[in-house]
There are 2 protein chains.
Amino acid sequence: MPVRSSIQLSRSRVRLTTRSPMTNPLIARLRLLSSLSEDDLQILEAACTGPQTVPAHSDIQAEGRGTEHIHIVQSGWAARYRLLRDGRRQFPALLIPGDLCDIDALLLNRTHFGVVALTSCTISVLPHARLREIMESRPAIRDVFWWLTFVENAISAEWTVGLGARSAEERLAHLFCELLVRLATVEMTDGNSYALPLTQDQLSDAVGLSAVHLNRTLQDLRGSGLISLDGHRLTIHNWEALKDFSDFSADYLHVEGLRSGENRRAAH
Amino acid sequence: MPVRSSIQLSRSRVRLTTRSPMTNPLIARLRLLSSLSEDDLQILEAACTGPQTVPAHSDIQAEGRGTEHIHIVQSGWAARYRLLRDGRRQFPALLIPGDLCDIDALLLNRTHFGVVALTSCTISVLPHARLREIMESRPAIRDVFWWLTFVENAISAEWTVGLGARSAEERLAHLFCELLVRLATVEMTDGNSYALPLTQDQLSDAVGLSAVHLNRTLQDLRGSGLISLDGHRLTIHNWEALKDFSDFSADYLHVEGLRSGENRRAAH
DNA sequence: CGCATACTTGAGCGTTCTCAATACAGGTGG
DNA sequence: CCACCTGTATTGAGAACGCTCAAGTATGCG
């Protein structure tokens, strides 16, 4: 039993050698977590058109607008955001490669949240019309997108709990745990360490703290020896202790994948 | 222009005379907000089995369990909850008649949130297997359930924003606005007033405040003349002012109903 | 080298918390 | 009808937490 255990996701379904580093991370994630066939994955990948670059700080999707595409983060970090009257800003979600920015626009007229690129991002686009076609002919894909919606919902609920009931330090530690697990599913971690290219300002909008207090909280966390954050690389020195401190459990991220599906099959 | 304007939802599709007071509130809500046919509504209503009574304070769905049914609130108030190690509790969602308690269990193995009855509730049950059958034969119903998921998601995001960026008083005022609109869709309001059967303890778990501070915040709100809360009836004396104070906009509740659907039709 | 952005630190204030006591309400049994 | 009991609401006081304002220090880029 190593003193510093490290997070480990099952990678049984992943064939690293067959994937170029430029592979769509959403596809990578679904290959790992869903039971979609290679066929389905390829159809989906083909439907994602033209990754285009969005510079940091600019909107991927403006607040209150409609859209006819789903935006998918290919590389870089983004966030859903909401501006309050007096200029306060809150991120209800942080988006990393493989995340859908605005799937809710598929059925909702307007997204009342904007999506902003926190770093320079490449974003690919999946037209609603095309996705509807695909979902019609491939029910498994439809289920996967619904599943993704549920997972997002679970993350959102967990953030609500954190903001409502956890202290600043716990909240931040919890976020670092969440990010390790989520980044691991798209192979953006290196052991217990990952690149965290956000500014403290941006982090503070995610955890609902002022930038000043975020800075101090970060120092407390560093001081406790649980993590370090130098340059923009976050390292978790003691995963078990950080998990324990922040009361983190990866359950809500549903990293174990889709329900195995006897019931679904039985029903069809 | 009345000084105290009152909230008004379009009720054009509702035929009040044809509905008994015992009608399934989920069906009532969908009749109002979705474009489901009367046929679809009836199929759905028929699939909701045996409303059963759950006493206040007991679990409708235990934390971390799986389930083979969707639980639907018929009457009474419930909440999704999450317990933290040290006993703190947070509600990521408040559930009123017509709400689905645990639709995510349809695709997720376990719900990591519990559902508790806040008052005595009647809960009806929709078996997953049956719902899957129905969704297979009635795509419109499938879309409506996905739409409901998105709306929940939007509410959850809005709560995140509130907890992260709004003051105690704004947060509480915002919740009162939200509840007015949501209750109006199931006809549980009387003008700008509604029964709010929750204890202050329960309210405090929804807005992430201590019970003591919730009490004081409530008094501030009462003192400002915007609302009153006597017995368990909440009255909003000045809807516009309360909306303005809490920066509330009903957009995120999507009370205007499903997207009109040209795109959906075009794709099929 | 200089400017802009990000990070850090200090100090004081305001909000929200905890602990603890008190008041009030509804329901039960004597 | 009253005494009591439990749960809920209210109040006070002090402490902790997180905020704002403001200054100062890195760091990176042109």
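By convention in this document, chain letters (A, B, ...) are assigned in the order of the sequence lines, proteins followed by strands, and residues within each chain are numbered from 1.
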Measuring from Ile123(B):CD1 to Ile70(B):CD1, what's the distance to the nearest 0.5 Å?
13.0 Å
Within 45° cone and under 6.0 Å: Arg80(A) NZ/CZ vs Phe113(A) ring
no
Every protein N/O within reach of nucleotides 16-20 of chain C N/O, cut-off under 3.5 Å:
from, atom 1, to, atom 2, distance (Å)
dT16(C), OP1, Ala168(B), N, 3.2
dT16(C), OP2, His213(B), NE2, 3.3
dC17(C), OP1, Ser210(B), N, 3.3
dC17(C), OP2, Ser210(B), N, 3.1
dC17(C), OP2, Ser210(B), OG, 3.1

With no hydrogens and no angle check, do the side chains of Thr122(A) and Thr53(A) hold a donor and an acceptor under 3.5 Å apart?
no
Return the CZ to CG distance between Phe248(B) and Leu242(B), rounded to the nearest 0.5 Å.
9.0 Å
In Å, rounded to the nearest 0.5 Å, how long is the span from OG of Ser204(A) to CG of Leu209(A)?
7.0 Å
Does the side chain of Gln202(A) pick up a donor-acceptor pair with the side chain of Trp77(A) at under 3.5 Å?
no
Between Arg88(A) and Glu170(B), does at least one N-O distance fall below 4.0 Å, as a salt bridge requires?
yes
Take His71(B) and Gln61(B) through the side-chain contact (heavy atoms from CB on, under 4.5 Å) test and state the conclusion after the steps.
CA-CA 8 Å; His71(B) 297 89; Gln61(B) 166 73 24; 3.6 Å; yes
How many angstroms lie between CG in Leu180(A) and CZ in Phe176(A), if you round to the nearest 0.5 Å?
11.5 Å
Nucleotide range of DNA chain D lying under 4.0 Å from chain A heavy atoms
dG18(D) to dC21(D)
Whole-Å distance between dA6(C) C1' and Asn215(A) CG?
10 Å
Pull out every protein N or O sitting under 3.5 Å from an N or O of nucleotides 23-25 of chain C, one pair per line with the distance.
none

For atom CG of Asp230(A) and atom C1' of dA6(C), their distance in whole Å
16 Å
For Pro97(B) against Gln74(B), the heavy-atom pair lying closest together
CB-O, 3.4 Å
